[in-house]
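Since the model is a prediction, treat every value here as computed from it, not as a measurement. Chain letters run A, B, ... following the sequence lines, proteins first and then strands; every chain starts at 1.
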Amino acid sequence: MSLDRRDFLKTIGIAGLTLCTPDILKAGKSKDSDREFRGMLYDSTRCVGCQTCETLCAEAHGLPPPVGELKAGVVRKTDDQHRTVVNCYKTSKGEVFIKTQCMHCNEPACASACLTQAMYKTKQGPVIWSGNKCMGCRYCMVSCPFDAPKFEYHSANPKIQKCTMCYEKMAKGGIPVCAENCPAEAIKFGSRREMLAEARKRIVENPDTYVDEVYGDHTAGGTGFLYISPVPFSELGLNTKIQNESYPALSKGFLYSVPTIFVLLPPILLGIYEATKKNQTHENNETE
Amino acid sequence: MKTMKPNNTALPLSRDSSKQSIFRFILSELKPKGKIFTPFNIISIPIILTGIVLIVIRFIYGIGSVTNLSQEVPWGLWIGFDVVTGVAFAGGAYVITFLVYILNREKYHSIVRVTVLNGFLAYVFYAGALLLDLGRPWNVVNPIIGNSFGTSSVLFLVAWHFLLYMIAELIEFSPAIAEWLGAKRARKILSGMTIAAVIFGITLSTLHQSGLGALYLMAKDKIHPLWYSEFIPVLFLVSSVFAGLSMVIFEGAISHKVFFKQISEKNQTSQKGIVLGLAKICAGAMFAYFFLQLLVFIHQKRWDLLDTPMGYWYLLEMLGFVLLPMILYVYSYKKSNINLAKVAAIITMLGIILNRLNVTVIGFRWDAAIRYFPTWMELAVTLTVIFTEIWIFRWIIKRMPVLSEPPSWAKENK
Ligand code: SF4
Ligand code: SF4
């Protein structure tokens with residue numbers, strides 16, 4: 001009997017360790033933020049609000065054309081049929097345009113939330129979704145601080161829709177359609193490091209034009225999509241409350257404690273069990 | 001208590017166990033026992049039928065056709081209530097098995113089976129409700145068969161633990177099934193596995209009760225700061241203790257009315273001691289919980305949030321649904337008043353519903369322009385899940401030795 005129990009505990013320990021050792025234990029260390037992830041730089045001062053990116057993105061991914069009028073004061077949102085949207089804000093420096101889409105975080109909350117690894121960050125940088133793994137739990141949506149993933153609520157075979165940085169095109173050597181076709185050259189594509197350098201260069205060379213900050217440099221642990229703008233980002237509807245640490249870090253503490261509990265708790269319980277078993281007669285008298 | 005009736009349940013306890021007769025026996029047991037037109041049946045049957053229709057619609061036209069979920073609020077009543085709250089209420093099983101098997105408190109032995117059964121069914125149905133909420137449920141096997149392990153995901157952990165815990169609880173309950181079927185040898189083997197299953201089950205429970213809270217850790221900017229903290233997992237774990245036990249008290253009170261015939265004399269008389277004992281444990285756990293909440297509150301310097309509508313709501317939860325029932329529990333065992341304990345149990349349970357919904361639904365996106373509110377259809381499906389569970393529970397109680405005494409042969413070869 002006691003042998004069985006020992007074996008059993010060993011099994012629990014092993015099962016616990018293999019089942020629960022979080023990937024981030026391994027992956028978290030290699031601070032890959034500066035590995036050559038692809039990234040994009042969006043310059044609000046250049047964007048003219050022509051919506052070319054919206055239209056061509058929809059075409060490229062077989063989605064319906066943009067809806068709603070683009071005008072100052074109206075906030076349109078990305079949804080399950082529109083992966084990117086350009087809005088216009090009345091700001092302290094007049095009307096300014098801003099494009100929104102998935103930020104392709106360095107340490108994406110969505111990917112660490114996904115229990116099937118359907119959502120994942122590719123080596124090249126884009127964060128993409130694969131339909132044959134996803135079970136549609138929408139935990140990625142709950143976790144993403146930017147609310148980027150969208151779900152097809154009215155389909156029996158629903159997909160998660162979001163910007164993929166045109167990953168398939170990129171794999172064949174291409175660049176994202178929006179960056180390729182922007183007539184105002186507001187969107188630039190390259191390695192994240194280059195984009196960050198370019199952003200800083202523009203800010204340094206034109207200190208009066210830009211606010212001295214790159215949105216996405218540190219936001220949510222750094223994102224692949226970077227913004228520079230003539231006005232503070234809060235005036236453009238970007239969420240400036242998002243923390244600078246990565247979001248997966250928020251549940252790391254919990255996940256780290258899992259293997260420990262799995263190894264420590266069963267022997268403790270067994271110990272108490274053995275101890276109280278001997279005193280059982282006493283206990284009974286006491287509680288009666 | 002009413003006059004003691006003889007314990008004449010219609011359990012066909014001793015049968016020769018040739019296969020054919022077992023088969024015939026199960027067939028006969030599938031037929032309903034008792035009256036068909038009880039008030040419960042009259043209410044639950046139409047709702048269950050409606051729910052089934054809604055579930056069919058949901059699978060044909062998508063989740064959006066029956067729910068109010070949106071791109072901003074991807075999880076609603078089905079997750080927030082069915083799964084998160086339902087599993088908290090199922091926490092009674094791990095606490096009671098801890099008391100009985102690990103601490104050897106024999107006093108609670110008579111309620112182990114019914115609590116474990118309740119816990120097991122709660123997991124099957126409430127964790128099972130997760131399947132209704134999955135957009136692509138055919139891929140649910142992926143994280144289980146190991147074709148893609150998202151091991152950095154809290155949901156991965158929770159899903160696995162649900163599954164393993166159901167197995168552990170089934171093992172804990174299995175001797176009752178064996179007794180019902182008259183399978184003596186199987187019973188012996190199965191009861192030998194109990195302790196292992198209990199230890200495994202408690203470990204799993206600690207982790208997934210807290211894990212349900214940990215699910216929301218990454219939704220940092222979306223949950224109202226009065227309910228979000230890095231300590232959600234601990235708070236969820238501690239509150240699952242008294243959530244589960246209050247459910248045990250509540251469920252016990254109802255069972256004693258409804259299944260009076262099935263309950264053995266011995267268990268009827270021991271009920272008072274059990275309820276008061278549980279009341280004491282609840283009060284202790286609630287004190288710890290209240291204290292923790294207070295620490296979190298002070299630690300996060302939330303004073304200025306109190307004087308807002310959400311702040312009043314928070315105070316209501318803390319004072320009206322934690323502190324008040326805690327005091328009632330204390331009184332109930334000081335004054336040996338089990339009715340007071342039952343009242344406390346009900347208030348505590350309402351408080352748990354309030355708390356879990358505050359984290360998952362009410363406080364989630366509290367600042368959004370368009371707030372999520374469940375449709376009547378989401379509600380109907382939730383009720384369907386609950387009622388179906390009760391149906392199955394009743395079916396089992398009337399057949400297996402759960403509330404009633406095990407057959408005499410089972411006691412002999414203990
Ligand atoms: S913005 Fe959201 S969806 Fe996009 S990579 Fe980051 S966490 Fe994932
Ligand atoms: S909805 Fe799909 S992609 Fe998103 S977390 Fe769930 S399984 Fe992963």
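- Environment of NE2 in A:His218: sparse, with no more than 12 heavy atoms of neighbouring residues, nucleotides or ligands closer than 6.0 Å.
- With a 4.5 angstrom heavy-atom cutoff, B:Ser70 touches chain A only via backbone atoms.
- Contact annotation for A:Ser155: only backbone heavy atoms (N, CA, C, O) come within less than 4.5 Å of a heavy atom of chain B.
- Proximity to chain B involves both the backbone and the side chain of A:Lys150, based on heavy atoms less than 4.5 angstrom apart.
- Residue A:Tyr139 touches chain B through both its backbone and its side chain, counting heavy-atom pairs closer than 4.5 Å.
- Both the backbone and the side chain of B:Asp133 have a heavy atom closer than 4.5 Å to some heavy atom of chain A.
- Between chain B and the options A:Gly271, A:Pro149, A:Gly131, the largest number of non-hydrogen pairs under 4.5 Å is found for A:Gly131.
- For A:Cys114, the part sitting under 4.5 Å from any heavy atom of chain B is the backbone (N, CA, C, O) and nothing else.
- Within the 4.5 Å cutoff, no side-chain heavy atoms of B:Tyr61 are placed close to those of A:His154.
- For B:Ile60, the part lying under 4.5 angstrom from a heavy atom of chain A is the backbone only.
- Remark: B:Phe59 CZ is packed, more than 12 non-hydrogen atoms of other residues, nucleotides or ligands lying under 6.0 Å away.
- Taking the ring centroids of B:His161 and A:Phe262, they lie under the 6.0 Å cut-off.
- Note that B:Lys222 lies outside the cation-pi zone of B:Phe364, set by a 6.0 Å cut-off to the ring centre and a 45° limit from the axis.
- Per-residue heavy-atom pair counts under 4.5 Å with chain B were compared for A:Ile272, A:Asp79, A:Asn157, A:Asp80, and the maximum is reached by A:Asn157.
- For the atom pair CD1 (A:Ile261) and CG (B:Leu204), the distance works out to 11.5 Å, reported to the nearest 0.5 Å.
- Checked by atom type, the side-chain pair B:Asp221/A:Tyr247 shows a donor-acceptor distance below 3.5 Å.
- Each of B:Val234, B:Val158, B:Leu215 has some count of heavy-atom pairs under 4.5 Å with chain A, and the biggest count is that of B:Leu215.
- Checking each of A:Ile128, A:Thr164, A:Val127 against A:Thr122 for a side-chain contact (heavy atoms from CB on, under 4.5 Å) leaves exactly one that passes, namely A:Ile128.
- Proximity to chain A is limited to the side chain of B:Phe98, based on heavy atoms less than 4.5 angstrom apart.
- Interface summary for chain B: among A:Cys137, A:Cys134, A:Ala113, the most heavy-atom pairs under 4.5 angstrom belong to A:Cys134.
- Remark: A:Lys121 does not engage A:Glu107 in a salt bridge, criterion side-chain N to carboxylate O under 4.0 Å.
- When heavy atoms are compared at a cutoff of 4.5 Å, A:Lys77 approaches chain B solely by way of its side chain, counted from C-beta outward.
- Options B:Tyr216, B:Tyr101, B:Trp138 differ in how many heavy-atom pairs under 4.5 Å they form with chain A, and the most are formed by B:Trp138.
- The greatest number of non-hydrogen atom pairs below 4.5 Å with chain B, out of A:Leu265, A:Ile268, A:Ile242, is found for A:Leu265.
- At a threshold of 4.0 Å, the pair A:Asp147-B:Arg365 counts as salt-bridged, since one of the basic side-chain nitrogens sits closer than that to a carboxylate oxygen.
- B:Glu230 and B:Lys220 are not joined by a salt bridge, as no carboxylate oxygen comes within less than 4.0 angstrom of a charged side-chain nitrogen.
- Among A:Ala109, A:Pro158, A:Ala249, the residue making the largest number of heavy-atom pairs under 4.5 Å with chain B is A:Pro158.
- Interface summary for chain B: among A:Arg138, A:Lys241, A:Gln243, the most heavy-atom pairs under 4.5 angstrom belong to A:Arg138.
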